[in-house]
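In what follows, chains are A, B, ... by sequence order, proteins preceding strands, each numbered from 1. These numbers were taken from a predicted model, which means no experiment stands behind them.
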2 protein chains.
Amino acid sequence: MPIGLSVEELKRVDELVAVRRPVKRGAALFHAGEKFTSLYAIRTGFFKTCVNTEDGRDQVTGFQMAGEIIGLDGIVNDQHTCDAIALEDAEVCILPFDRIEEISREVNALQHHVHKIMSREIVREHGVMLLLGSMRAEERLAAFLLNLVQRLQTRGFSKSDLVLRMTREEIGSYLGMKLETVSRTFSKFAEECMIEVSQRNIRILDADALKRIVNPPQHCH
Amino acid sequence: MPIGLSVEELKRVDELVAVRRPVKRGAALFHAGEKFTSLYAIRTGFFKTCVNTEDGRDQVTGFQMAGEIIGLDGIVNDQHTCDAIALEDAEVCILPFDRIEEISREVNALQHHVHKIMSREIVREHGVMLLLGSMRAEERLAAFLLNLVQRLQTRGFSKSDLVLRMTREEIGSYLGMKLETVSRTFSKFAEECMIEVSQRNIRILDADALKRIVNPPQHCH
DNA sequence: CGCGTCATTGATGTGCATCAAGTGGTGTGG
DNA sequence: CCACACCACTTGATGCACATCAATGACGCG
């Protein structure tokens, strides 16, 4: 993950990511309440994380794909605070956290990398708070699609075609809206020729139009 | 901050927190876009952090009080991504981040402490996402009050009386509602004798009732 | 004292939730 | 291989929680 390491350092980091674990679609990588021991780096597959309340509500807090790290929430109390569920067959690297701390004392680049990963997650969540706190349904869904396709693109996938790995309900939970509203908003975007929707296959026809929805152009006052 | 350190370790950590900086009410500790160099530990006073969009919307992402750390969002891109504004005259310790990384390589307790602080922030934000994504106005405000009074209590303040340092609008921004709705909801709680409101002075008369609003009792099915 | 800021309260509007019915794709067992 | 059941999804009709608009009131400060 970090770059510009010496051979020696690379060896230390390599041993960290040695152990892998497959996770079947629908299975949990971990559950809220379980003891925290490791972070997980996604090698393949797609996950969601979600928190639950006693009274049965739950909230999807994120969708994670290859290259991303899951489990950071567990550090503070040595206990996971959310569920991580595979949305398709997946494989992760197990990164024992005490080993991470040990090695980052010696490999500065790893230390800084870990800090950046946690900081990035904090910044991402700020963005979600902005979305949940001040955007309307169309803006939320447009922002969601653009974010998803952008992340897929950096992984070498198409910047226009994507396959949703999650249900409308899961999207709705993440975006703070009901599945019917998600569906209607997809239909509206399709009507306006910004996207094509066929089941979970989405084709983005006019990314700029979506961007204009998220960031409506300034009107001069 | 961490505990159980040797004399030697304590000295290292002490030098970290040597420099202080006063911040006047209404002034910014930092702005989004500024270069990130340090974290800040609040010694006294009260802050808000907020992110802004190009189109002028903004979202309060948190309220911080004595003992809490601000600036974690800046690590990932060496640049702050939100504003930190003092809501009353305040004083912070400046914690140069490169020194933090340096010392945490030698003082394991500090290293782990830093990780916990970042993880705690991630978990806190999960809670806010749950609040914004799935709660109604009354639930949000009740949760907010309970959280605030709980944090004040651990700092030795009353568990029933508190003074809000922020405006209704700032509360609303944090909770994803308009200031009028915040005001109305306060009035409603007061009418139902759960709290007393007089300007920014709040007295909690029935904490259990507030808790029942946040976590409505299960109905057997 | 007068002005600006913040807060309260009422009247009205609307975006999204809720409730409900129906469609299509997928997997399973006879 | 087809019939059936199930699930995710779509779409329409209705309702409600909260936003919006507007007027007034309460502090605090120069």
Side-chain angles (χ1 to χ4, degrees), chain A residues 24-26 46 48 56-60 85 87-88 131-145 163-192 195-202 213 216, chain B residues 24-26 46 48 56-60 85 87-89 131-145 162-192 195-203 213-214 216:
Chain A
K24 280 265 166 239
R25 172 186 165 150
F46 204 95
K48 69 169 177 179
R57 270 184 294 209
D58 77 334
Q59 168 79 23
V60 173
I85 312 288
L87 296 179
E88 59 181 358
L131 182 146
L132 291 173
S134 73
M135 290 186 177
R136 292 169 320 95
E138 290 181 26
E139 300 175 296
R140 295 182 196 194
L141 194 64
F144 171 75
L145 282 177
V163 180
L164 301 174
R165 301 298 169 180
M166 69 295 281
T167 67
R168 303 289 192 260
E169 185 167 19
E170 286 161 338
I171 296 172
S173 172
Y174 182 58
L175 299 179
M177 48 208 258
K178 295 285 123 168
L179 70 94
E180 293 95 328
T181 306
V182 174
S183 179
R184 274 185 243 274
T185 309
F186 273 136
S187 300
K188 178 147 191 288
F189 287 171
E191 235 167 64
E192 296 171 358
I195 63 175
E196 275 174 23
V197 182
S198 165
Q199 304 292 118
R200 297 199 180 174
N201 303 291
I202 307 282
I213 289 185
Chain B
K24 280 268 164 239
R25 172 186 166 152
F46 204 93
K48 69 169 177 180
R57 269 184 295 210
D58 76 334
Q59 169 78 24
V60 172
I85 312 287
L87 296 179
E88 58 181 359
D89 289 354
L131 181 146
L132 290 173
S134 75
M135 291 187 176
R136 292 169 320 94
E138 290 181 26
E139 300 173 298
R140 294 181 197 194
L141 194 63
F144 171 74
L145 282 177
L162 65 153
V163 178
L164 301 174
R165 301 297 168 180
M166 69 294 282
T167 66
R168 304 288 193 261
E169 185 167 19
E170 285 162 339
I171 296 173
S173 172
Y174 182 57
L175 299 179
M177 47 206 259
K178 295 285 122 169
L179 69 95
E180 294 94 328
T181 307
V182 174
S183 179
R184 275 185 241 274
T185 309
F186 272 136
S187 300
K188 178 148 189 290
F189 287 171
E191 234 167 66
E192 295 170 359
I195 63 175
E196 274 174 24
V197 183
S198 164
Q199 305 292 118
R200 297 197 181 174
N201 302 290
I202 306 281
R203 170 169 295 158
I213 288 186
V214 178

Trainee: How close or far is atom C1' of D:dC9 from atom CG of A:L164, stated in whole angstroms?
Mentor: 12 Å
Trainee: For a side-chain contact (heavy atoms from CB on, under 4.5 Å) with A:I213, tell me which candidate from A:M135, A:R140, A:E138 qualifies.
Mentor: A:E138
Trainee: Give the rounded distance in Å between these two atoms: CZ of A:R136 and P of D:dC18.
Mentor: 18 Å
Trainee: Would you mind telling me which residue lines up with the more 5' stretch of DNA chain C, A:E180 or A:R140, judged by nearest nucleotide?
Mentor: A:R140
Trainee: Considering the terminal five base pairs at each end of the helix from C:dC1-D:dG30 to C:dG30-D:dC1, what angle separates the two local helix axes, rounded to 10°?
Mentor: 30°
Trainee: Output, in order, the C-alpha distance, side-chain angles, deciding distance and verdict of side chain to side chain contact (heavy atoms under 4.5 Å, CB included) for A:M166 and A:K48.
Mentor: CA-CA 8 Å; A:M166 69 295 281; A:K48 69 169 177 179; over 6 Å; no
Trainee: Restricting to salt bridge (Lys or Arg N to Asp or Glu O under 4.0 Å), what partner residues turn up for A:K24, sequence neighbours left out?
Mentor: A:D89
Trainee: Charged N to carboxylate O under 4.0 angstrom, A:R184 versus A:E180?
Mentor: no
Trainee: Are A:I202 and A:F189 close enough that some pair of their side-chain heavy atoms sits under 4.5 Å apart?
Mentor: no
Trainee: What is the distance, to the nearest angstrom, from the CG atom on A:L131 to the P atom on C:dC16?
Mentor: 12 Å
Trainee: Between B:V197 and A:A137, who's closer to the 5' end of DNA chain C by nearest nucleotide?
Mentor: B:V197
Trainee: What nucleotide, of D:dA19, C:dC16, C:dA7, holds the atom closest to the side chain of B:S183?
Mentor: C:dA7
Trainee: Tell me: CD of A:E169 to P of C:dA17, nearest whole Å?
Mentor: 12 Å
Trainee: Does A:M177 reach the side chain of A:I171, with side-chain heavy atoms less than 4.5 Å apart?
Mentor: no
Trainee: Which of the following nucleotides, C:dT9, D:dT20, D:dC27, is nearest to the side chain of B:S187?
Mentor: C:dT9
Trainee: Above 12 or not: heavy atoms from other molecules or residues under 6.0 Å from CZ of B:R25?
Mentor: no
Trainee: Which is true for B:R184 with a 4.0 Å heavy-atom rule: it touches a base, it touches only sugar-phosphate, or it touches nothing?
Mentor: base
Trainee: Nearest-Å distance, CZ (A:F186) to P (D:dT11)?
Mentor: 13 Å
Trainee: If you only use heavy atoms from C-beta on, which nucleotide in C:dT8, C:dT18, D:dC9 is closest to the side chain of A:R200?
Mentor: D:dC9
Trainee: Output the rounded distance in Å from CG (A:L179) to P (D:dT10).
Mentor: 9 Å
Trainee: Between C:dT18, C:dA7, D:dC9, which nucleotide has the shortest distance from any of its atoms to the side chain of B:T167?
Mentor: C:dA7
Trainee: Give the rounded distance in Å between these two atoms: CZ of B:R25 and P of D:dG28.
Mentor: 11 Å
Trainee: Can you check the B:K178 NZ to C:dT9 P distance for me, whole Å?
Mentor: 20 Å
Trainee: If you only use heavy atoms from C-beta on, which nucleotide in D:dT10, C:dT8, D:dC27 is closest to the side chain of A:R168?
Mentor: D:dT10
